[in-house]
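The structure appears right after this line, and notes come after that.
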Amino acid sequence: MTAEMAAPAWMHEQITAEQYDSWSEDQCAGIEIVDGMVVVSPSTSKRHNRLARILANSLEEAAGPDWNADTDFDVRLQDVPLTNPRPDVVVYRADTIDITPTRPEHVLLVVEVVSPGSETTDRIVKTDQYAKSGIAFYWRVERAATGVPLLYTYVLDPATRAYRDGDVFTGVIKVSAPFAVEIDLSTI
């Protein structure tokens, strides 16, 4: 069986924002769009999902009424070519909850939990995409050899549209900007 026989034709052609917007929520689940091409994301582990949910819940609590933190939805970085990732956690303005698609100007922070197979994408590709789109903060979570998660933080330099390294946290995360949050990662 060839790749063309196994994969639908639309996976081999660049799609537009209009095409993507016409798909159902079920059709959009589990995929990201990078430069107009569909990228199928493998299912994540329970530990990955748990970590994303704990981060989202902690960020939601710390953010106050002006910000929401949610998991697993599209952020439309650009329309042409369509770039539409699904960060593991997104902190976005509460007053934009009903606006679709979510745009970078609605977003304060994106978090990616690195899984086997997503290392290069989360460390390099998405870092660059989020910075170029103007998202102020990017966090990347990875598992250390000890099994305890490490959180790498990045802050956007608006002049260069690139992230500069922030702090690295392990165990208990205590972040004060843009809002105070404390998360104990050692129990995950």
Exercise for review: Go through Arg140 and Leu151 one step at a time and tell me if the side-chain contact (heavy atoms from CB on, under 4.5 Å) criterion holds.
Suggested key: CA-CA 6 Å; Arg140 188 182 80 239; Leu151 176 89; over 6 Å; no

Exercise for review: Mind running side-chain contact (heavy atoms from CB on, under 4.5 Å) on Glu119 and Glu142 for me, showing each step along the way?
Suggested key: CA-CA 9 Å; Glu119 295 96 341; Glu142 298 191 21; 6.0 Å; no

Point to revise | Check against side-chain contact (heavy atoms from CB on, under 4.5 Å), Phe73 and Thr100 | key: CA-CA 10 Å; Phe73 68 88; Thr100 302; over 6 Å; no

Practice item. Evaluate side-chain contact (heavy atoms from CB on, under 4.5 Å) for Phe137 paired with Val155, printing each intermediate quantity in order. Key: CA-CA 5 Å; Phe137 299 93; Val155 179; 4.0 Å; yes

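Remark: Arg93 pairs with Asp95 by the salt bridge (Lys or Arg N to Asp or Glu O under 4.0 Å) rule, at least two apart or across chains. Under the rule for a side-chain contact (heavy atoms from CB on, under 4.5 Å), the partners of Val34 that lie at least two apart in sequence or sit in another chain are Val39, Gln129. Residues that satisfy the side-chain contact (heavy atoms from CB on, under 4.5 Å) test with Ser22, not counting sequence neighbours, are absent from this structure. For Asp72, the side-chain contact (heavy atoms from CB on, under 4.5 Å) partners two or more places apart in sequence, or in a different chain, are Arg86. Legend: residues meeting side-chain contact (heavy atoms from CB on, under 4.5 Å) with Asp128, ordered by chain and number and at least two apart, are Lys132. Residues forming a ring-ring contact (aromatic ring centres under 6.0 Å, His included) with Tyr152 (at least two apart in sequence, or on another chain): none. Residues forming a salt bridge (Lys or Arg N to Asp or Glu O under 4.0 Å) with Asp70 (at least two apart in sequence, or on another chain): none. With sequence neighbours excluded, the residues forming a side chain to side chain donor-acceptor pair (under 3.5 Å) with Tyr130 are Glu112, listed by chain and number. For Glu61, the salt bridge (Lys or Arg N to Asp or Glu O under 4.0 Å) criterion is met by no residue, not counting sequence neighbours. Judged as a side chain to side chain donor-acceptor pair (under 3.5 Å), and not counting sequence neighbours, the contacts of Ser118 are Asp122. The salt bridge (Lys or Arg N to Asp or Glu O under 4.0 Å) test applied to Asp21 returns Arg76, not counting sequence neighbours.
Hydrophobic clustering (side-chain heavy atoms under 4.5 Å, transitive across Ile, Leu, Val, Met, Phe, Trp, Tyr) keeps Ile99 apart from Val91. No continuous path of hydrophobic side-chain contacts links Val111 to Val125 [ILVMFWY only; heavy atoms under 4.5 Å]. In the hydrophobic clustering of this structure, Val114 does not group with Leu55; members are Ile, Leu, Val, Met, Phe, Trp, Tyr whose side-chain heavy atoms approach within less than 4.5 Å, directly or through other members.
Distance check: Thr16 OG1 to Leu82 CG gives 7.5 Å after rounding to the nearest 0.5 Å. In this structure, the separation between CG on Asn84 and CG on Asp79 is 8.5 Å, given to the nearest 0.5 Å. The structure places OH of Tyr138 at 10.5 Å from CG of Leu109, a figure rounded to the nearest 0.5 Å. Of the inter-residue distances, the one linking Arg103 atom CZ with Ile135 atom CD1 reads 12.0 Å to the nearest 0.5 angstrom. For the atom pair CG (Leu77) and OG1 (Thr102), the distance works out to 11.0 Å, reported to the nearest 0.5 Å. For the atom pair NE2 (His106) and CH2 (Trp67), the distance works out to 10.5 Å, reported to the nearest 0.5 Å.
Nearest heavy atoms, Tyr163 versus Leu156: CD2-N, 3.4 Å. Considering all non-hydrogen atoms of both residues, Pro65 and Ala94 come closest at O-CB, 3.4 Å. For the pair Ala56 and Thr71, the tightest heavy-atom approach, listed with the atom from each and the gap, is CB-CG2, 3.7 Å.
Within the structure, every pair that satisfies the salt bridge (charged side-chain N to carboxylate O under 4.0 Å, His left out) test and touches residues 30-41, not counting sequence neighbours, is listed here: Glu32-Lys126.
The backbone N or O of Pro81 lies less than 3.5 Å from a partner atom in the side chain of Gln78, making a donor-acceptor pair.
Inter-residue side-chain proximity for Pro149 and Val141 is flagged as met; some heavy-atom pair is nearer than 4.5 Å.
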